[in-house]
S.K.: 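Quick one: the structure is below, and I'll ask about it shortly.
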2 protein chains.
Amino acid sequence: MTIYAVAERARVSIATVSRVLKGSSVVTESTRQKVLDAVQELEYTPSGAARSLAERRHHTLGLVLPELGGPYYAELLAGFETKAAELRQGVMLVIAKAEGHGGDAIRALATRVDGIAFLGRDVERVRRSGKKLVLIAADSLPGVEVISTENIAGARRLTEHLLAHGRTRLLFVGDPDAAHDVRERYEGFVLAHHDRGLEPAQPVLAPFRESDGQAVAERLIAGDLEADALVCGNDELALAIMARLLGAGVDVPRDIAVVGWDDVMTARYVRPGLTTVRQPVRDVGALAADRLFHLVTGSAKAPERHVLPTEVVIRGSCGCTRTPSADPEPDLYPIPTPHPSKVRSR
Amino acid sequence: MTIYAVAERARVSIATVSRVLKGSSVVTESTRQKVLDAVQELEYTPSGAARSLAERRHHTLGLVLPELGGPYYAELLAGFETKAAELRQGVMLVIAKAEGHGGDAIRALATRVDGIAFLGRDVERVRRSGKKLVLIAADSLPGVEVISTENIAGARRLTEHLLAHGRTRLLFVGDPDAAHDVRERYEGFVLAHHDRGLEPAQPVLAPFRESDGQAVAERLIAGDLEADALVCGNDELALAIMARLLGAGVDVPRDIAVVGWDDVMTARYVRPGLTTVRQPVRDVGALAADRLFHLVTGSAKAPERHVLPTEVVIRGSCGCTRTPSADPEPDLYPIPTPHPSKVRSR
DNA sequence: TTGTATGCGTTATCAC
DNA sequence: GTGATAACGCATACAA
């Protein structure tokens, strides 16, 4: 089923069919209708490959993610896809876990898209493709577009909040070397300490899975680690740690405060509610698609660096108190009252 | 930068370059090396469009999802992408919320992929494309490959569990008309009642967002609705309802039991833990990609119907008691399931 | 083993 | 307005 069949059926040339399909205004309404009818009757579906070859454009944007766990990446992807669809661009996704044959996948991706938005380590893999590029949550790189969020400032505010609570032995949990944004969060942690003339502790290295959180909690319980407040690299980590501590009889936040990063759904369901930082993840994805598109179409000036704002979300785990209520309150927890909530079974 | 440039640089014909790139074994090692060097030096990236046109295959699978909220779709997508990558196929994603210009997006998708895996309503949109097709979580359709999970049996077991607890006034919360799998879950709810000669109540219609859960909770609190057990269409709904009830002083599960569906992360962090049903979502995605690929390559026999097993996850919200522990226990809870479930095809 | 030539299905540039 | 026809960049049957 090609454009020739349609042309024949409609008794016109393939050029005319092409014009109609591309919405050219020069075509007469009557012939236009003939073509459309033929298309309908033949259930004609054009070949994207042939079209791309002729137009020298794929009308497709690529997105490379390191994984798809947790709500973060899904949100990002949703924002990216939505914006791309708006721009009438397709979306190709590849999950490139640390190396593996992910290199192949990225190479293959490069053959079918006009540009690539990349989130992960080893940017070189993508740079070599020579495609238009947008980096997400990455360090600045001369000449390339980068989109990130206010990690440093956010972490600084969050840490300061803990210090303002009178906490003195803060620990940062997470691996600054694992990802650039984690590094920045630790940086904010450090800066908040310096603001008060304090000396920040070294980070407690931990990957981002729940099991790693458990391990950290054990060390805390065993006395191997000491702290009265934990600034965790993300919510999964914070939640896992908090749960384990609570299970061991440690009072959070009285004995130890715990805060996270991302504001996942669970954060507002647990007790105490998890104090964390919210990022406009969806916007990051949308912006990436938008910038990439403009880079591709040439309507973008010089590469820019975008930093989107973050917002500290105060709940109970940092030591703030509020009205006991089991409602999930997605947004505001404004009321600081003397009594922390306790909803527990048995 | 085309294959011609590479050929010229390596002083061979484009045919040879093509052979090397496709890994043909007939090429001499020495010329192979020359070509590879040229490719390297020129940073040559082939045109996927030209390749697809010549081969008449996109080496790309399409996935259509209705949205990307919650862990369900992300998991599915992860499974799909992983399997596709394994099969060396690219993945194009389109989110087609109820109609909108989603029709356009699907049409456009059809021009660039070899087959489409579809999850959502209005299957016709995709069928018209004439592409190879795999339906996910959909009703049976003659001649079409369908992949779903054991919704009926799972819901039946879950409901029976509640009845066995001595609950007598069960309510199903969710809209059976919203999605096929929800319909099946209600069906299982009904069957469990019939098993005991009981008359099931009509479903309490509610979409799947947390806010809808709140509304249902309010009706319960106001006495507008009466029940001693709630079977919810998914976890978000169940969690929102449970939180609101607890906040209003209702004792869950003593006064009213609440169970969900999906086993999201939050389910094991809240107290009481949410009893729910786990589906092998990732496997569903992987199977979809695998079947679609075999449909495309012709190595698949007749279209089949696949039903993957579900598993009831017992926690506290159904009325079961267990050791109070704040640990998140991601995996193992003793599961009193009368019938071992298994994968079925027909 | 390597090169030549044709086809893949559109778009776009010309004529008409 | 519409119709030939030359790209578009690669794969591959056929020659050599």
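Letters A, B, ... mirror the listed sequences (proteins, then strands); counts begin at 1.
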S.K.: Output the rounded distance in Å from CG (B:Leu21) to P (D:dG9).
M.R.: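 After rounding, the reported distance stands at 15 Å.
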S.K.: Answer with yes or no whether B:Arg56 presents, from its side chain, a donor or acceptor under 3.5 Å of a partner atom in the base of C:dG7.
M.R.: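 No pair found.
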S.K.: So, is A:Thr16 near the phosphate of D:dG3, with a side-chain N or O under 4.0 Å from OP1 or OP2?
M.R.: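 Answer is yes, contact under 4.0 Å.
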S.K.: Answer yes or no: does a side-chain N or O of B:Tyr44 lie under 4.0 Å from OP1 or OP2 of D:dC10?
M.R.: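 Result: yes.
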S.K.: What nucleotide, of D:dG9, D:dT2, C:dT10, holds the atom closest to the side chain of A:Val27?
M.R.: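 When the side chain of A:Val27 is considered, D:dT2 is the closest of D:dG9, D:dT2, C:dT10.
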S.K.: Taking only the side-chain nitrogens and oxygens of A:Ser13, find out if one of them lies under 4.0 Å from OP1 or OP2 of D:dT2.
M.R.: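 The answer is no; no side-chain N or O of A:Ser13 sits under 4.0 Å from OP1 or OP2.
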S.K.: Please determine if B:Arg107 and B:Asp104 form a salt bridge, counting it only when a charged side-chain N lies under 4.0 Å from a carboxylate O.
M.R.: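 Yes, this pair counts.
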S.K.: Whole Å only: how far is the CD1 atom of A:Ile14 from the C1' atom of C:dC8?
M.R.: 13 Å
S.K.: Locate the shortest heavy-atom distance separating B:Met92 from A:Gly90; write the atom from each residue and the value.
M.R.: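 Closest heavy-atom pair between B:Met92 and A:Gly90: CE-CA, 3.8 Å.
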S.K.: Hey, does the side chain of A:Thr28 come within less than 4.0 Å of D:dT2's phosphate (OP1/OP2), counting only N and O?
M.R.: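 Yes.
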S.K.: So for B:Arg19 and C:dG3, does any side-chain atom that can act as donor or acceptor lie under 3.5 Å from a complementary atom in the base?
M.R.: yes
S.K.: Is B:Val12 touching bases, backbone alone, or none of the nucleic acid, heavy atoms closer than 4.0 Å?
M.R.: sugar-phosphate
S.K.: Could you say whether B:Ala50 or B:Thr31 is positioned toward the 5' end of DNA chain C, judged by the nucleotide with the nearest heavy atom to each?
M.R.: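 Its nearest nucleotide being more 5', the pick is B:Thr31.
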S.K.: To the nearest Å, give me how far apart CZ (A:Arg57) and P (C:dT10) are.
M.R.: 20 Å
S.K.: Looking at every strand, decide which applies to B:Val26 at a 4.0 Å heavy-atom threshold: base, sugar-phosphate, or nothing.
M.R.: base
S.K.: Are any non-hydrogen side-chain atoms of A:Phe80 and A:Leu61 less than 4.5 angstrom apart?
M.R.: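 They are in contact (side-chain heavy atoms under 4.5 Å apart), so the answer is yes.
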S.K.: Of the listed nucleotides (D:dC10, C:dT10, D:dA11), which one gets closest to any side-chain atom of B:Ser18?
M.R.: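 Nearest listed nucleotide: D:dA11.
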S.K.: Expressed as a whole number of angstroms, how long is the span from B:Leu42:CG to D:dG9:C1'?
M.R.: 15 Å
S.K.: Are A:Thr60 and B:Arg112 close enough that some pair of their side-chain heavy atoms sits under 4.5 Å apart?
M.R.: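 Yes. Closest side-chain heavy atoms under 4.5 Å.
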S.K.: Consider the side chain of B:Ser47, meaning its heavy atoms from C-beta on, and name the nucleotide among D:dA11, D:dC10, C:dA12 that approaches it most closely.
M.R.: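 Side chain of B:Ser47 sits closest to D:dC10.
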S.K.: Nearest to the A:Ile3 side chain among C:dT10, C:dA12, C:dC8, which nucleotide is it?
M.R.: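 Selected nucleotide: C:dT10.
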S.K.: Measure NE2/B:His58 against C1'/D:dA11 and give the value in whole Å, please.
M.R.: 15 Å
S.K.: Rounded to whole Å, how long is the line connecting atom CZ of A:Arg51 with atom C1' of C:dC8?
M.R.: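 Rounding to the nearest Å, CZ of A:Arg51 and C1' of C:dC8 are 15 Å apart.
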S.K.: With sugar-phosphate meaning primed atoms plus P, OP1 and OP2, does B:Ser52 contact a base, only sugar-phosphate, or nothing at under 4.0 Å between heavy atoms?
M.R.: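 Counting heavy atoms under 4.0 Å across all strands, no contact is made by B:Ser52.
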S.K.: Once you round it to whole Å, what is the distance between P of D:dC10 and NE2 of B:His59?
M.R.: 14 Å
S.K.: Yes or no on side-chain contact (heavy atoms from CB on, under 4.5 Å) for B:Ile136 and B:Leu63, after CA distance, side-chain angles and deciding distance?
M.R.: CA-CA 10 Å; B:Ile136 302 174; B:Leu63 176 60; 4.2 Å; yes
S.K.: When you look at CD of B:Gln40, are more than 12 heavy atoms from neighbouring residues, nucleotides or ligands closer to it than 6.0 Å?
M.R.: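 No.
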S.K.: Check the distance between C:dT10's C1' and A:Leu53's CG and give it to me in whole angstrom.
M.R.: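 One finds 8 Å between C1' of C:dT10 and CG of A:Leu53, rounded.
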